[in-house]
Protein chains: 2
Amino acid sequence: MKSITIKDVAKNSKVSATTVSRVIHGNSKVSPKVREKVLETIKSLNYFPNENARAIVNKRTNVIGLVLTDISNPFYPTLLRGIENTINKSNFSMILCNTDENPTKEERFLRILLEKRIDGLIIVPTGPDISFLKTFEARNIPIVCVDRVVRNVETDSVVVDNFHGAFIATEKLIQSSHQRIAIIGGNKNIFTIGERFRGYTEALDTHGIVTNQDYIKMGGFTIEDYEQDTLNVFSLATPPTAVFSAGNLSTIGIYIALNKMKKKIPRDVSIVGFDDLVWVEALTPPLTAISQPIYQIGATSAQLLLQRMLHEGPSEKQNIMLSTSLVIRESC
Amino acid sequence: MKSITIKDVAKNSKVSATTVSRVIHGNSKVSPKVREKVLETIKSLNYFPNENARAIVNKRTNVIGLVLTDISNPFYPTLLRGIENTINKSNFSMILCNTDENPTKEERFLRILLEKRIDGLIIVPTGPDISFLKTFEARNIPIVCVDRVVRNVETDSVVVDNFHGAFIATEKLIQSSHQRIAIIGGNKNIFTIGERFRGYTEALDTHGIVTNQDYIKMGGFTIEDYEQDTLNVFSLATPPTAVFSAGNLSTIGIYIALNKMKKKIPRDVSIVGFDDLVWVEALTPPLTAISQPIYQIGATSAQLLLQRMLHEGPSEKQNIMLSTSLVIRESC
DNA sequence: TTATATTATGAAAACGTTAAACCATTCAGA
DNA sequence: TCTGAATGGTTTAACGTTTTCATAATATAA
């Protein structure tokens, strides 16, 4: 099981390993005949350089880590493609880790990534204080926070204006002359969800509507949770006439529940949802939604990371906030 | 930018690097006081072993490659989680690559993965002949093909019975007394899609229904394509009364188009779709669908790969075919 | 006590690269 | 013809680990 090394190539071409290395790197200091010969034996031996050996001498691996909560959440695949397509251009690869919002898992992954000496990290942090990131910082491994930010270490970041998105979503419902507006969504402790909740209450406030605690269902996790939340809120004595769905999973639960309750959208209930994914247009009626530039969030954070890794760009950390837009369809 | 190495730990603990290495691995004998001291300085120096250096001496990286077509296809995230959750238990990490069905990209990724000396590969091949896999085979790097198979090298594989799934889907429509049944889907050259097409025609055949070429729309790629296909097929002089959607993207296109045409499902048109994803239940009406055990496909292929990497299990290649099931809802 | 086995440790080589320093040709120019 | 510069190559050390082998110290048995 002996593997083919640069020395084998050297021996077979009757030159030194250095010369082979030069040929591989296209370095000028090698004569055409020798280059030819070396390339030939590389091909004939089917030699491929060992990146791990390279990594230890070059002190760079060309690998980045991508730590997110769960690729199954439809937000992430597009984000990932934005990142991947960007870093691939500079020949970086990506190790993917799913934390499931679990800080213990997160720390374990971060340790592994550190040991693998990744050149950079893109992370959707599980919380606002990720102590292990200090270790990355101390070793000058660039970090980009995406979708959420962290406060115990300064990093570049790319987020979306969740607050404003939720604000205009809620306002849209108000302008359609709704007063009794529910919100259904996940855990407020998650940065993005918290911001969306703020946007919702702020919009009600701005328009002089007092928030009704019964209309606030922020604690779901699964589609079934959201379905149940919807069932509950629309079974109230005075049910809402509209609902703001704070995430894509809640949108699914809401549609399922309303279908079951035979409520017609938008006749009986109006909906605006956060996240404009491909399938929301197939719903009946198609969803009016807040659209995030998901791919661009990914691409931008990857660009930021590349800049740092290649020591280009400004030295101050960049904190970028991209904006959302309202896509009007027929659910309100 | 000097990094902390095992030698620094050694020096600071007044022992040799060997001893530090032994402490870290905890297997061989080292006296309690020394162990204590070493662990202490590891902590105080915040030392983390360099996995790349380890990789070159151990000849294993604890990394696998996952090469698939596009993580944005909702089939893949679940597959990925099945794989990840399985390999994580054995402390493997995963490099993810999206080929976009492009063999050139695929070959480039495979070369990179080879150079990184991954311990194993899980791949959804773009086609039936991936010559670069020969190189993996020659180096005894285990390969598992998933969802599709390859014919120029023998590998383990995990696929789903697409043929049978499509067969029972079509049969379901026939049994609901439909005779004019369309199929809308992607490129038949893709293994899974080809199988589904076979299942469709075979079901018609079995029940003595002659296939109508006008009802066959197999060439779409985007949701817009499928939407257009649907529009076209239902604008025929004698339109079909039912449609089999051969993939999840086509399901979206079909629902959008039928909504636009104001066709009622299932009154005007019945549908059965391939792939039972979370959002199909939120459609109106909820989709009757062929369900694949996606997570399990991933978990199984990862198990197969682990077996090979750890040199356990049988030496003959395993070719596993998992079965699909029909989830009946209200679209037919 | 001495001989032997056991335990704890270290030195050095190896893994597969790259880079710095060096050496031997060849070529230009006077 | 000689000098100096290119040119094309090699030798050696370094990167951060693990592993093999040797050795010193200690424990056990006779």
Side-chain angles (χ1 to χ4, degrees), chain A residues 1-39 41-42 45-63 111-112 114-119 139 141, chain B residues 1-39 41-42 45-63 111-112 114-119 139 141:
Chain A
M1 210 53 56
K2 180 83 178 57
S3 48
I4 305 135
T5 78
I6 200 171
K7 288 181 189 161
D8 300 315
V9 178
K11 197 163 298 175
N12 273 267
S13 331
K14 305 189 192 312
V15 295
S16 71
T18 304
T19 302
V20 176
S21 177
R22 286 192 180 133
V23 169
I24 293 170
H25 290 85
N27 189 305
S28 53
K29 312 211 133 231
V30 37
S31 71
K33 328 114 202 194
V34 172
R35 148 171 291 112
E36 197 59 30
K37 172 74 179 166
V38 168
L39 288 176
T41 88
I42 284 180
L45 293 185
N46 209 19
Y47 165 76
F48 292 91
N50 183 326
E51 269 287 351
N52 298 113
R54 278 185 173 169
I56 123 173
V57 9
N58 294 335
K59 293 172 177 329
R60 84 200 291 276
T61 52
N62 275 358
V63 175
R111 158 182 249 105
I112 291 175
L114 185 70
E115 297 189 342
K116 296 208 184 303
R117 298 295 190 266
I118 55 169
D119 295 332
R139 287 161 143 76
I141 302 171
Chain B
M1 211 54 56
K2 181 85 179 55
S3 48
I4 305 135
T5 78
I6 200 171
K7 288 181 190 162
D8 300 316
V9 178
K11 198 164 299 176
N12 273 265
S13 330
K14 304 190 191 315
V15 295
S16 72
T18 309
T19 302
V20 177
S21 178
R22 289 203 259 254
V23 169
I24 292 171
H25 291 85
N27 40 23
S28 27
K29 295 259 148 202
V30 32
S31 73
K33 330 110 200 199
V34 173
R35 148 170 291 111
E36 195 60 30
K37 172 72 178 169
V38 168
L39 287 175
T41 87
I42 284 180
L45 293 185
N46 210 21
Y47 164 77
F48 292 91
N50 183 327
E51 270 287 351
N52 298 114
R54 277 185 173 168
I56 122 172
V57 9
N58 294 336
K59 293 171 176 330
R60 84 199 290 275
T61 52
N62 275 357
V63 176
R111 157 182 249 105
I112 290 175
L114 184 70
E115 296 189 343
K116 295 206 185 302
R117 298 295 189 267
I118 55 169
D119 295 333
R139 284 158 202 251
I141 302 171

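Reminder, nothing fancy here: chain letters follow the sequence lines and each chain counts from 1.
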Separation of atom CG in A:N50 from atom C1' in C:dG16, rounded to whole Å: 6 Å
B:R35: salt bridge (charged side-chain N to carboxylate O under 4.0 Å, His left out) partners, not counting sequence neighbours: none
side-chain contact (heavy atoms from CB on, under 4.5 Å) partners of B:T61, counting only residues at least two apart: A:N52, B:A55, B:V63, B:R117, B:D119
Min side-chain heavy-atom separation A:I42-A:I24 under 4.5 Å: yes
Sugar-phosphate, base or nothing in reach of A:N58, heavy atoms under 4.0 Å: sugar-phosphate
Closest non-hydrogen atom pair between B:A10 and B:A17, with its separation: CB-N, 3.6 Å
Interatomic distance where CZ belongs to A:R60 and C1' belongs to D:dG16 [whole Å]: 19 Å
For B:L114, side-chain contact (heavy atoms from CB on, under 4.5 Å) partners two or more places apart: A:F48, B:F132, B:T135, B:F136, B:R139, B:I141
Non-neighbouring partners of B:R54 that pass salt bridge (charged side-chain N to carboxylate O under 4.0 Å, His left out), sequence neighbours left out: B:E51
Residue list, side chain to side chain donor-acceptor pair (under 3.5 Å) with A:N62, at least two apart or on another chain: A:R60
Gap between atoms CD1 and C1', on A:I56 and D:dA14 respectively (whole Å): 9 Å
Sugar-phosphate, base or nothing in reach of A:S16, heavy atoms under 4.0 Å: base
Contact under 4.0 Å: B:S31 side-chain N or O vs C:dT9 OP1/OP2: yes
Residue list, ring pair (Phe, Tyr, Trp, His ring centres under 6.0 Å) with A:Y47, at least two apart or on another chain: none
For DNA chain C, the residues among residues 17-25 of chain B that have a non-hydrogen atom under 4.0 Å from it: B:T18, B:T19, B:R22
Interatomic distance where NZ belongs to A:K29 and P belongs to C:dA20 [whole Å]: 13 Å
Gap between atoms CG and C1', on B:L45 and D:dG16 respectively (whole Å): 15 Å
Rounded distance in Å - CZ (B:R117) to C1' (C:dC15): 12 Å
Nearest-angstrom distance from the residue atom NZ of B:K59 to C1' of C:dG16: 8 Å
Results of side-chain contact (heavy atoms from CB on, under 4.5 Å) for B:T5 - residues two or more places apart only: B:K2, B:K7, B:D8
Distance in Å, A:L45 CG paired with A:S13 OG, rounded so as to fall on 0.5 Å steps: 7.5 Å
Degree of bending in the helix from C:dT1-D:dA30 to C:dA30-D:dT1 once both end axes are built from five pairs, to 10°: 50°
Of A:R54 and B:V30, the one whose closest DNA chain C nucleotide lies more 5': B:V30
Report each atom pair, protein N/O against N/O of nucleotides 24-27 of chain C, whose distance is under 3.5 angstrom.
none

Pairwise side-chain hydrogen bond (donor to acceptor under 3.5 Å, both in side chains) hits with a residue in residues 14-26 of chain B, at least two apart: B:S16-B:T19
B:R35 or A:A53, whichever maps to the more 5' nucleotide of DNA chain C: B:R35
Approximate separation, where rounding is to 0.5 Å, of A:I112 CD1 and A:I118 CD1: 11.0 Å
Length of the line joining B:K7:NZ and C:dA11:C1', which is rounded to integer Å: 12 Å
